[in-house]
**Q** 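The structure follows.
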Amino acid sequence: MPAAEVTDLVRVQSEPHACSYLPEETACFDYRVCGDLNADNFGELLRRGWRRFGLHIFRPICAACTKCRPIRVVTENFHPSKSQRRTLNRNEHIEVTIGPPSITRDHMRLFDAYHLDMAERRGWPAKTTTPEDYFEGFIGKRYEFAYELLYWDNSQLVGVGLVDITPLGLSSAYFFHDPKWRELGPGTFSALTELRFAQSQGLPHVYLGYWIEQNQSMTYKSRYQPHELLSRFVADDEEPDWRLAPDKQ
């Protein structure tokens, strides 16, 4: 497979800080801004464990911890479990549309409502956003491979899923939703929607970000089978080693 041939405009490392997933660990991230990012070379970065939010491409480089494992689902062999099929059935009334990322008042309303709910239920830091912050944090520029999935209940926007689509796979970047939809399992439904879309487009993998076995909030990622884990992070010109994980359902 080819190297991830990109030109770095900026590349920096974060200062070591307390890990938000494993409080006993110290985290550090490698950040880069690439001037020539396209669907092909970003797909190669995905294969090497990189993620994207806005302009920033990043991955962990923690000195004493390797528990963050990039995880991807093998779409050709994926079949929803019985409980996942129930979630699909419960959400048959939801319409899904796809297009370039956008910013509307409904986006801002949903984002703030979702994060307020997570702050109250899970202790997330309380925050609101502005169109400028949202654009910088999640969009960055009009990348050719960046899309959003919009989830509609009749004519009301109830969910937004940000994804990157490359020939090598779909990257699930971020999803937020109306707290009133929570009882029907919107997180599972959005992941299944992305998997079904990837299957319909013949994409080989859906990248679910990082999985930490010791973090219970990430347990859901391992429920999508079969999935592979990246054995270690490699340089842009090295071939990554993805290994099939055992089925733990």
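What's counted below: heavy atoms across the whole structure, side chains too, no hydrogens, waters or symmetry copies. Along the sequence shown, the residues carry numbers beginning at 1.
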**Q** Where do Arg109 and Thr104 land on the side chain to side chain contact (heavy atoms under 4.5 Å, CB included) test, with the steps shown first?
**A** CA-CA 9 Å; Arg109 172 185 59 81; Thr104 67; over 6 Å; no
**Q** Return the minimal non-hydrogen interatomic distance between Pro101 and Leu162, and the atom names on each side.
**A** CB-CD2, 4.4 Å
**Q** Which is it for Ile98 and Phe197 under the side chain to side chain contact (heavy atoms under 4.5 Å, CB included) test, yes or no, and what are the steps along the way?
**A** CA-CA 10 Å; Ile98 186 170; Phe197 176 82; 3.8 Å; yes
**Q** Is the side chain of Glu183 donor-acceptor paired with the backbone N or O of Lys180 at a distance under 3.5 Å, no angle test?
**A** no
**Q** Could you tell me the separation between the CG atom of Leu192 and the CG atom of Leu88, rounded to the nearest 0.5 Å?
**A**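 Between atom CG of Leu192 and atom CG of Leu88 there are 4.5 Å.
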**Q** Hey, is the main chain of Gly49 close enough, under 3.5 Å, to the side chain of Tyr210 for a donor-acceptor pair?
**A** yes
**Q** Can you check whether Thr129's main-chain N or O pairs, donor with acceptor, with Asp133's side chain at less than 3.5 Å?
**A**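 No; judged by distance alone, with no hydrogens or angles, the pair does not exist.
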**Q** Measure the shortest side-chain to side-chain distance between Val73 and His205 over non-hydrogen atoms and say whether it is less than 4.5 angstrom.
**A** no
**Q** Under 3.5 Å, is there a donor-acceptor pair between the side chain of Asn41 and the main chain of Asn38?
**A** yes
**Q** Side chains of Thr87 and Arg90: any donor to acceptor distance under 3.5 Å?
**A** yes
**Q** In terms of relative ring orientation, are Phe111 and Phe176 parallel, tilted or perpendicular, with 30° and 60° separating the classes?
**A**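 Aromatic pair Phe111/Phe176 classed perpendicular.
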**Q** Determine the interplanar angle of the His115 and Tyr174 rings, folded into 0 to 90°, and report it as parallel if under 30°, tilted if 30 to 60°, perpendicular if over 60°.
**A** parallel
**Q** Looking only at side chains, do Ser171 and Asp164 share a donor and an acceptor under 3.5 Å apart?
**A**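 No donor-acceptor contact under 3.5 Å links the two side chains.
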**Q** For Asn77, give me all partners under side chain to side chain contact (heavy atoms under 4.5 Å, CB included), at least two apart in sequence or on another chain.
**A**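 Partners of Asn77 under the side chain to side chain contact (heavy atoms under 4.5 Å, CB included) test: Val74, Pro226.
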**Q** Please say whether more than 12 non-hydrogen atoms of neighbouring residues, nucleotides or ligands are located less than 6.0 Å from CD in Glu25.
**A**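 Buried by this count: over 12 neighbours within 6.0 Å.
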**Q** In terms of ring plane angle, is the pair His177 and Trp181 parallel, tilted or perpendicular, where the classes change at 30° and 60°?
**A** perpendicular
**Q** Is Arg32 close enough and on-axis enough to Trp50, meaning under 6.0 Å and within 45°, for cation-pi?
**A**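 So Arg32 does make the cation-pi contact.
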**Q** As an exercise, state the distance from NE2 of His56 to CZ of Phe138, rounded to the nearest 0.5 Å.
**A** 13.0 Å
**Q** How long is the straight-line distance from CG of Leu37 back to CZ of Arg52, given to the nearest 0.5 Å?
**A**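 It is 7.5 Å, given to the nearest 0.5 Å.
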**Q** Within a reach of under 6.0 Å around CD of Glu5, are more than 12 heavy atoms found that belong to other residues, nucleotides or ligands?
**A**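 Counting other residues, nucleotides and ligands, CD of Glu5 stays at 12 neighbours or fewer.
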**Q** If you draw a 6.0 Å radius around CD in Glu76, do more than 12 non-hydrogen atoms from other residues or ligands fall strictly inside?
**A**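 At most 12 heavy atoms, drawn from other residues, nucleotides or ligands, come within 6.0 Å of this atom.
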**Q** Decide whether Asp112 and Thr128 meet the rule of one side-chain donor and one side-chain acceptor closer than 3.5 Å.
**A**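 Absent: no donor and acceptor within the cut-off.
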**Q** Counting only N and O atoms by type, is there a donor-acceptor contact under 3.5 Å from the side chain of Arg85 to the main-chain atoms of Pro80?
**A** yes
**Q** Please find the pair of heavy atoms, one from Ala113 and one from Pro179, that lie closest to each other, and give the distance.
**A**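 The answer is O-CG, 3.5 Å.
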**Q** Does a side-chain heavy-atom distance below 4.5 Å link Lys67 with Glu213?
**A** no
**Q** Between Arg223 and Ser81, is there a donor-acceptor pair closer than 3.5 Å when you use the side chain of the first and the backbone of the second?
**A**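 No, the answer is negative, given that no donor and acceptor are paired below the 3.5 Å cut-off.
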**Q** Quick one: pull up CD in Glu144 and NZ in Lys141 and give me the separation to the nearest 0.5 Å.
**A** 9.5 Å
**Q** Would you please classify the geometry between the Trp242 ring and the Tyr207 ring as parallel, tilted or perpendicular, with 30° and 60° separating the classes?
**A**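 Geometry flag for Trp242 against Tyr207: perpendicular rings.
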**Q** Between Asn215 and Ser217, does any side-chain donor sit less than 3.5 Å from a side-chain acceptor?
**A** yes
**Q** Kindly say whether Glu44 contributes a backbone atom to a donor-acceptor pair with the side chain of Arg48 at under 3.5 angstrom?
**A**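 Here the side-chain-to-backbone pair exists.
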**Q** Minimum heavy-atom separation for Pro167 to Pro204, with atom names?
**A**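 Shortest heavy-atom separation between Pro167 and Pro204 comes out as O-CD, 3.6 Å.
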**Q** Name all residues meeting the ring pair (Phe, Tyr, Trp, His ring centres under 6.0 Å) criterion together with Tyr143; count only those two or more places apart in sequence or in a different chain, and write none if there are none.
**A** Phe145
**Q** In Å and rounded to the nearest 0.5 Å, what is the CZ to CZ distance from Arg59 to Phe233?
**A** 6.5 Å
**Q** Step through the shown structure and confirm whether more than 12 heavy atoms of other residues, nucleotides or ligands are within 6.0 Å of CD on Glu15.
**A** no
**Q** Please tell me if the side chains of Leu195 and Thr193 come closer than 4.5 Å, counting only heavy atoms from C-beta onward.
**A**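 With C-beta onward as the side chain, the pair stays apart.
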**Q** State, yes or no, whether a side-chain contact exists between His227 and Phe78 at a heavy-atom distance under 4.5 Å.
**A**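 In short, these two side chains do not touch, never coming nearer than 4.5 Å.
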**Q** For a 4.5 angstrom cut-off between non-hydrogen side-chain atoms, does Leu45 reach Asp236?
**A**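 In short, these two side chains touch, coming nearer than 4.5 Å.
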**Q** Under a single-linkage definition using a 4.5 Å side-chain heavy-atom cutoff for Ile, Leu, Val, Met, Phe, Trp and Tyr, are Met118 and Leu116 assigned to the same hydrophobic cluster?
**A** no
**Q** Report yes if some heavy atom in the side chain of Met218 is under 4.5 Å from a heavy atom in the side chain of Tyr21; otherwise report no.
**A**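 Yes, their side chains come closer than 4.5 Å.
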**Q** Does a side chain donor of either Gln199 or Thr75 reach within less than 3.5 Å of an acceptor in the other side chain?
**A**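 The answer is no; no qualifying pair exists.
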**Q** When clusters are formed by joining ILVMFWY residues with side-chain heavy atoms under 4.5 Å apart, either directly or through shared neighbours, do Ile61 and Ile57 land in the same one?
**A** no
**Q** Taking C-beta and beyond as the side chain, do Glu238 and Arg232 meet within less than 4.5 Å on heavy atoms?
**A**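 Of all side-chain heavy-atom pairs linking Arg232 with Glu238, at least one is under 4.5 Å.
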**Q** Rounded at 0.5 Å granularity, tell me how far CG in Leu55 sits from CD1 in Ile139.
**A**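 Between Leu55 CG and Ile139 CD1, I get 11.0 Å after rounding to 0.5 Å.
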**Q** Is Leu244 linked to Ile71 within one hydrophobic cluster, defined over Ile, Leu, Val, Met, Phe, Trp and Tyr using a side-chain heavy-atom separation of less than 4.5 Å?
**A**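 No; tracing contacts between hydrophobic side chains, which count when under 4.5 Å, never links both residues.
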**Q** Restricting to non-hydrogen atoms, name the atom on Ser231 and the atom on Arg243 that form the minimum distance, rounded to 0.1 Å.
**A**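 Heavy-atom minimum between the residues: CB-NE, 4.0 Å.
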**Q** Taking all non-hydrogen atoms of both residues into account, name the closest pair between Pro16 and Thr26 and its distance.
**A**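 The answer is CB-CG2, 3.7 Å.
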**Q** Do you know which of Tyr134, Phe58, Phe135 makes ring-ring contact (aromatic ring centres under 6.0 Å, His included) with Phe53?
**A** Phe58
**Q** Determine whether a donor-acceptor pair (N or O, by modelled atom type, separation under 3.5 Å) exists between the side chain of Glu194 and the backbone of Ser172.
**A** no
**Q** Side chains of His107 and Glu148: donor-acceptor distance under 3.5 Å anywhere?
**A** yes
**Q** Stepwise, does the side chain to side chain contact (heavy atoms under 4.5 Å, CB included) test hold for Thr166 with Asp40?
**A** CA-CA 6 Å; Thr166 82; Asp40 291 328; over 6 Å; no
**Q** Going by atom type alone, with no hydrogens or angles, which donor-acceptor pairs under 3.5 Å involve a side-chain atom of residues 149-156 and a protein atom two or more places apart or on another chain?
**A**
unit_1 : atom_1 : unit_2 : atom_2 : d
Trp152 : NE1    : Thr97  : OG1    : 3.1

**Q** Taking C-beta and beyond as the side chain, do Arg69 and Leu230 meet within less than 4.5 Å on heavy atoms?
**A** no
**Q** Quick check: does any side chain N or O of Lys221 sit under 3.5 Å from a backbone N or O of Leu208, one acting as donor and the other as acceptor?
**A**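 At least one qualifying donor-acceptor pair exists.
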**Q** Which heavy atom in Asp8 sits nearest to a heavy atom in Cys34, and how many Å separate them?
**A**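 Distance-wise, the nearest heavy atoms are OD1-SG, 3.5 Å.
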